[in-house]
Amino acid sequence: MRYYLTGSITGLLAALLLATSAQAQAPAEGLSPTLAAIKKAHVVKLGYRESSPPFSFLDQAGRPIGYSLELCEAIVEDIGIEVDDPQLKIEYVKVTSDDRIPAVVDGKIDLECGSTTANAERRKQVAFSPLMFVAGTKLMVPKTTTGTAPTDFKGKTIVVTKGTTNEQAMHAVDKKFNLGLNIVVSPDHEQSYQMLVDGKADAFATDDILLSGLIARHKSQDRFRVVGDYLSYDPYGIMFRKGEPQLAAVVERAFRRLGSNRDLIPLYNKWFVARLPTGERMGVSISPQLEESFKVLDDSAGGTN
């Protein structure tokens, strides 16, 4: 005996099969867009900088290394737990000070692991991790230069790196004191440094720690020094896409894991106090403000939080 399905039953089965198929093709269901894309590709894209030691720079073999990258790699571990994929691969993507924010917004990278200031203006476009460093704008000048304050450089040429808060800070100082500065812009920190070396600028303005990192990297302590008071306040964070609470929770959880395991201060000392893998030594002890920020992330029984 042969049985025939009516049209309605056939349609119902077809719909069930389609639903089952759709469910099977959506393993990332319930994940935020970034985490879903990571789960699908099995890859986390980390944005790095080529010349922001010790945060993000290249070693002698041309591989991205640094303090910020180690923090990002710790976040990748927690992302792996969140998406149930402990074998996630990392793809390193070069970014610059000028294109780093669009790279995050447009999905070119998942985490930006550089030396980026987490300010209110940028938070309109992207999200940031808990505090990982505090810096501020200062000036790098030749050791033969007697001036230390911006007012000592009236009418002089100051180089800044494009897309940085330091560029904004120098324009604000120029306007405030009517200095008539010639503020020139270069594409990255290395080229800004080279302009100073070549005598095309009288000073290079960027975050003090980056200036110290460049001097250490080029072993130019006998030629240049960092001078002046802070011209801006620049709290650093790892940057990621805005509007994804689940991703934000994963980033926060990674920092709290490091804080509770007492890993943050040793990690800081590895990159700022000890000798770097490239041979230089920064010799910059952790500030009381940053140390206290790290302690607040300690959720362990003996922690301060």
Side-chain angles (χ1 to χ4, degrees), residues 47-57 65-72 95-98 100-101 112-123 126 128-141 148-150 158-173 186 188-190 192-193 196 203-218 221 224-239 255 264-265 267-274 276 280-294 296-297:
Y48 72 92
R49 302 284 296 277
E50 285 189 323
S51 55
S52 292
F55 298 92
S56 181
F57 60 113
I65 60 171
Y67 172 67
S68 301
L69 284 162
E70 275 214 50
L71 287 171
C72 280
V95 296
T96 67
S97 57
D98 196 37
R100 55 188 164 176
I101 293 177
E112 191 266 342
C113 319
S115 51
T116 299
T117 300
N119 59 23
E121 187 62 29
R122 287 173 174 168
R123 287 183 187 276
V126 294
F128 287 93
S129 71
L131 183 71
M132 68 172 191
F133 194 82
V134 179
T137 304
K138 286 194 175 186
L139 301 176
M140 181 198 294
V141 298
T148 59
I158 310 293
V159 63
V160 295
T161 304
K162 187 177 182 181
T164 61
T165 54
N166 319 108
E167 181 180 359
Q168 300 166 21
M170 291 313 301
H171 280 292
V173 167
S186 80
D188 61 41
H189 295 318
E190 192 64 36
S192 296
Y193 174 84
L196 189 64
F204 170 22
T206 195
D207 293 345
D208 57 327
I209 189 64
L210 299 179
L211 295 174
S212 296
L214 287 165
I215 288 173
R217 187 177 188 186
H218 289 280
Q221 293 88 344
F224 301 107
R225 62 188 180 125
V226 180
V227 299
D229 296 327
Y230 284 112
L231 306 176
S232 67
Y233 169 73
D234 297 282
Y236 288 1
I238 302 296
M239 190 164 48
F255 268 75
L264 286 171
I265 293 178
L267 180 61
Y268 176 96
N269 289 336
K270 172 183 175 180
W271 291 100
F272 292 89
V273 179
L276 297 175
E280 313 89 48
R281 189 190 296 274
M282 296 286 298
V284 179
S285 299
I286 191 168
S287 67
Q289 181 183 11
L290 185 60
E291 186 172 10
E292 186 58 34
S293 296
F294 286 168
V296 169
L297 293 168

Quiz prompt | Heavy-atom pair with the smallest gap, counting every atom of I238 and S68 | solution = CD1-O, 3.9 Å
Quiz item: Counting heavy atoms not belonging to D229, are there more than 12 under 6.0 Å from its CG?
Solution: no
Self-check item: Distance (rounded to the nearest 0.5 Å) between I158 CD1 and L139 CG
Solution: 5.5 Å
Quiz item: What's the shortest heavy-atom distance between Y230 and D208, and which atoms?
Solution: OH-OD2, 2.7 Å
Practice problem: May I ask you to decide if the ring planes of F272 and F133 are parallel, tilted or perpendicular, using 30° and 60° as cut-offs? | Solution: parallel
Exercise. Begin with the C-alpha distance, continue with both residues' side-chain angles, and end with the deciding distance and a verdict on side chain to side chain contact (heavy atoms under 4.5 Å, CB included) for M239 and I101.
Key: CA-CA 8 Å; M239 190 164 48; I101 293 177; 3.9 Å; yes
Quiz item: Hey, are N119 and T117 close enough side-chain-wise for a donor-acceptor pair under 3.5 Å?
Solution: no
Pair up each side-chain donor or acceptor in residues 284-291 with any protein partner under 3.5 Å, not counting sequence neighbours, and list the distances.
residue, atom, partner, partner atom, Å
S287, OG, L290, N, 3.1
Q289, NE2, Y233, OH, 3.4

Quiz item: What distance separates L71 CG from S56 OG, expressed to the nearest 0.5 Å?
Solution: 11.0 Å
Quiz item: Between M282 and P54, what is the shortest heavy-atom contact and its length?
Solution: CE-CD, 3.9 Å
Quiz item: With a 4.5 Å heavy-atom cut-off, do W271 and E70 have their side chains touching?
Solution: yes
Quiz item: So, R100 side chain and G163 main chain: donor-acceptor pair closer than 3.5 Å or not?
Solution: yes
Quiz item: Does a donor on one side chain and an acceptor on the other come within less than 3.5 Å for T161 and S192?
Solution: yes
Self-check item: Point-to-point distance, once rounded to the nearest 0.5 Å, from SG of C113 to CG of L69
Solution: 5.0 Å
Quiz item: Would N166 and T206 count as having a side-chain donor-acceptor pair, cut-off 3.5 Å?
Solution: yes
Self-check item: Trace of the side chain to side chain contact (heavy atoms under 4.5 Å, CB included) decision for L264 with M132
Solution: CA-CA 9 Å; L264 286 171; M132 68 172 191; over 6 Å; no
Quiz item: Do E292 and F294 come within less than 4.5 Å of each other through their side chains, counting heavy atoms only?
Solution: no
Quiz item: If you draw the axis of the six-membered ring of Y67, does the NZ or CZ of K270 fall within 45° of it and under 6.0 Å from the ring centre?
Solution: no
Quiz item: Between R49 and S115, which heavy-atom pair has the shortest distance, and what is it?
Solution: NH1-OG, 4.0 Å
Exercise. Quick one: do V126 and T116 satisfy side chain to side chain contact (heavy atoms under 4.5 Å, CB included)? Show the steps, please.
Key: CA-CA 11 Å; V126 294; T116 299; over 6 Å; no
Quiz item: Quick one: does S97's side chain have a donor or acceptor within less than 3.5 Å of a partner on K162's backbone?
Solution: yes
Quiz prompt | Ring geometry between F224 and Y193 (parallel below 30°, tilted from 30 to 60°, perpendicular above 60°) | solution = perpendicular
Self-check item: Beyond-backbone contact of D207 with L211, side-chain heavy atoms, under 4.5 angstrom
Solution: no
Quiz item: Which atoms form the tightest heavy-atom contact between V160 and M170, and what is the distance?
Solution: CG1-CG, 3.9 Å
Quiz item: Does D188 use its side chain to pair, donor to acceptor, with the backbone of E190 at less than 3.5 Å?
Solution: yes
Quiz item: Do S232 side-chain atoms and T137 backbone N/O form a donor-acceptor pair below 3.5 Å?
Solution: yes
Practice problem: Specify whether H189 and F204 have parallel, tilted or perpendicular ring planes, treating 30° as the upper limit for parallel and 60° as the lower limit for perpendicular. | Solution: tilted
Exercise. Start with the C-alpha distance between I65 and F57, add both sets of side-chain angles, then the distance that settles side chain to side chain contact (heavy atoms under 4.5 Å, CB included), and finish with yes or no.
Key: CA-CA 6 Å; I65 60 171; F57 60 113; 3.7 Å; yes
Quiz item: Of all residues at least two apart in sequence or in a different chain, which pass the ring-ring contact (aromatic ring centres under 6.0 Å, His included) check with F128?
Solution: none
Quiz item: Can you name the closest pair of heavy atoms from L214 and P53 and give their distance?
Solution: N-CG, 4.2 Å
